[in-house]
Amino acid sequence: MDSGRRFEDAQLTFDELGTPLRSTTFVIFDLETTGTSPGSDAITEIGAVKVRGGQLLGEFATFVNPGMPIPPQIVALTGITTAMVYDAPSIDEVLPAFLEFIGGAVLVAHNAPFDTGFIRAACHAHGYAQPRNAVVCTVRLARRVIPRHETPSYRLSALAMLFNAATTPNHRALEDARATVEVLHGLLERVGNLGVHSLEELIDYLPEVTPAQRRKRGMAANLPDKSGVYLFRGPSDEVLYVGTASNLRRRVRQYFTGSESRGRIREMIALAERVDAIECAHSLEAEVRELRLLAAHKPAYNRRSKNPHSAWWVGLTDEAFPRLSVVRIPRDGLLGPFRSQTDARTAADTLAGASGLRTCTQRIAALGASGAPCVLAELGKCGAPCAGLQSVEEYSSGVTAVSELIAGRAGEPLHSAAAYLTRLADGEHFEQAARHRDDLAALVRTVDRAHRLASLAAIPELIAAGPDGSGGWEFAVVRHGRLASAGVARRGIAPMPVVEQLVAAAETVLPGPGPLFGAAAEEVGLLVRWLAKPGVRLVRTSVPWAEPARAAGGWRSWLDLAATASSLERVG
């Protein structure tokens, strides 16, 4: 467990990061136990002190019956005997009261992993939820701020002496907790001189931080507490990294703390000279701007796609006996986009097999072909136009079926592929059927996604509104699959005048070539996902927004079944 961060790997409980330390409630506690192992040993005494701003708010102290004899060496250390705890309440009686006492306060203990480990074990044993309080370990904090020449050790007794504590630790829970309070206040005074004034800064100060990170944390100081995009820039003003945040200052500040452990990001921070921020109306605008900035600057330290237009497409060749080819340049009538050439090739092969199109690359004359039929022809998977065994008219039915599927007007190739899958399964060719099912599922997903993206990209202007969570609205003006304008109307503000202003100020978007009218697939996909969120409403569109009723749209339930079957096979 990371004692300087939290009881468990979960979100910290304080409501607002950056809470001043003087406003933070701390519960400093100490345990006495029968030994050092939370699983086999038990708690014998709990002492806790609640403070805020240097003021005492309350104390908690009780013996606990451990349900076992206290070993002699523990008696010698603490002075607590088995007889002293004989009539004490058991931990299942004490624990609810202690958990209520700590509430949402920040927990502090000397050698916190020991104390929090026993509390966590007790909660687990008696069915209580694990505390999610932030935890500060005074041993760890002392090692960060007190040089070794100032203290002979980092034991509680040595630190209490260093800070002239009025309470002398004596291995009794409440007295040790009171001494730890004074040690904590002394340590907070030390870190305050180092610029640590908030709870967030204290939590982030505890882990190891490289000197480069610590020196540069001031780069976040002037950033706004708003949603937007941030850009780390290097010594030549080059963009090193681009990211989005709901709170720019908070997110960027995290890069300069021990919570950032990625080696390549630490390397980036060492190079960074400044951080620029672009405020955005809401998270959708921030995500779109991030995509565009990644494409524009291609920052070295981002791993996300930096080439949004670098997709693969599948389409019919222009010849007497067309075949399916994989291309990079989008044009009308293509299927895609695909993220990789391999995915595009697999889809092309599946579609060709389902429609009877040839897969060879030779050019075949409309008349007079006299080549030798290939293996696929012998297997009945190709009509062998290369050998003159299939006319242009006979071959055209497959071409039409593929064109209709891509256009969203029909889905005959998908039905043919599903029928072939059924024949494989009926023939007990299960491995071959499983491969064919997965290939067909990939094709269906691609066709479905292509139709959804293309249907949005075809609309000259669409205006949508999503709830902002506080009674207001977040607006997006979308033109041909691109975000042209974004804004908000907070609660109490009339929304339609805001909409009209956004439309008037929106970017002019001219449609480009291809199924997505020149838009980047990632941006269109981002907009489609946002529009599908619960609560998002259409304000108006220049033309109706509709997806093809046929083709892949009706196969989504089949996709769910295919995914379930595939996952069960992997488990098996």
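Scanning all heavy atoms of the two residues, the minimum distance from G481 to A519 falls at O-CB, 3.9 Å. Of all the heavy atoms in P460 and V543, the pair that sits closest is CD-CG2, 3.8 Å. Of all non-hydrogen atoms in P515 and P330, the two that sit nearest each other are CD-CB, 4.4 Å. Closest heavy-atom contact between V314 and A344: CG2-O, 3.4 Å. Of all non-hydrogen atoms in I364 and E319, the two that sit nearest each other are N-OE1, 4.2 Å. Of all non-hydrogen atoms in A476 and W530, the two that sit nearest each other are CB-CZ3, 3.8 Å.
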Inset, instruction - Check the pair R345, D349 against salt bridge (charged side-chain N to carboxylate O under 4.0 Å, His left out), reporting the backbone distance first and the verdict last. - result: CA-CA 6 Å; R345 175 49 57 195; D349 291 343; 3.8 Å; yes

Legend entry - Working for salt bridge (charged side-chain N to carboxylate O under 4.0 Å, His left out), residues E461 and R479: CA-CA 4 Å; E461 182 176 274; R479 292 175 174 172; 2.7 Å; yes

Legend entry - Worked verdict on V326 versus Q341 for side chain to side chain contact (heavy atoms under 4.5 Å, CB included): CA-CA 7 Å; V326 176; Q341 186 179 19; 4.2 Å; yes

Inset, instruction - Let me see the working for D237 and R274 under salt bridge (charged side-chain N to carboxylate O under 4.0 Å, His left out), right down to the final yes or no. - result: CA-CA 9 Å; D237 210 39; R274 78 172 195 271; 2.4 Å; yes

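Geometric assessment of R328 against the ring of W312 yields a positive cation-pi assignment under the 6.0 Å and 45° thresholds. The side-chain tip of R323 does not point at the ring of F321 from less than 6.0 angstrom away and within 45° of straight on.
Checking each of L107, I102, V108 against F26 for a side chain to side chain contact (heavy atoms under 4.5 Å, CB included) leaves exactly one that passes, namely V108. T19 pairs with exactly one of V106, L202, T25, T24 by the side chain to side chain contact (heavy atoms under 4.5 Å, CB included) rule, that one being T24.
For the atom pair D439 CG and T350 OG1, the distance stands at 4.0 Å (nearest 0.5 Å). Taking CZ from R292 and CD from E523, the interatomic distance works out to 4.0 Å, rounded to the nearest 0.5 Å. Here CG of L538 is found 7.0 Å from CG of L531. Values are rounded to the nearest 0.5 Å. For the atom pair CG of L231 and CG of L294, the computed distance is 9.0 Å after rounding to the nearest 0.5 Å. T346 contributes atom OG1, which lies 13.0 Å from atom CG of L440 (distance to the nearest 0.5 angstrom). For the atom pair CH2 (W473) and CG (D468), the distance works out to 9.0 Å, reported to the nearest 0.5 Å.
One N or O on the side chain of S485 and one on the backbone of L502 form a donor-acceptor pair closer than 3.5 Å.
Looking only at side-chain heavy atoms (C-beta outward), P299 and L240 stay at 4.5 Å or farther from each other. Contact of the S470 side chain with the R491 side chain is not registered, since no non-hydrogen atoms from C-beta on lie closer than 4.5 Å. In this structure the side chain of L453 reaches within 4.5 angstrom of the side chain of P337, judged on heavy atoms. At least one side-chain heavy atom of L526 sits less than 4.5 Å from a side-chain heavy atom of L284. With a 4.5 Å cut-off on side-chain heavy atoms, L293 and V239 do not count as touching. The closest side-chain heavy-atom distance from T244 to S283 is not below 4.5 Å. Within the 4.5 Å cutoff, side-chain heavy atoms of I459 are placed close to those of S542. Counting only heavy atoms from C-beta outward, the side chains of L57 and V51 never approach each other to under 4.5 Å.
Atom CD of E273 sits in a crowded spot, with more than 12 heavy atoms from other residues, nucleotides or ligands closer than 6.0 Å. Counting heavy atoms of neighbouring residues, nucleotides and ligands inside a 6.0 Å radius, atom CD of E507 exceeds 12 of them.
Taking the six-membered ring for Trp, F232 and Y301 have ring centres at least 6.0 Å apart. Taking the six-membered ring for Trp and the full ring otherwise, W555 and H415 have centroids separated by under 6.0 Å.
Sorted by first and then second residue, the pairs that involve residues 492-501 and meet salt bridge (Lys or Arg N to Asp or Glu O under 4.0 Å), not counting sequence neighbours, are E500-R540.
By the 4.0 Å N-to-carboxylate-O rule, R409 lies close enough to E404 to be salt-bridged with it. Using a 4.0 Å cut-off between charged side-chain N and carboxylate O, R452 and D448 make a salt bridge.
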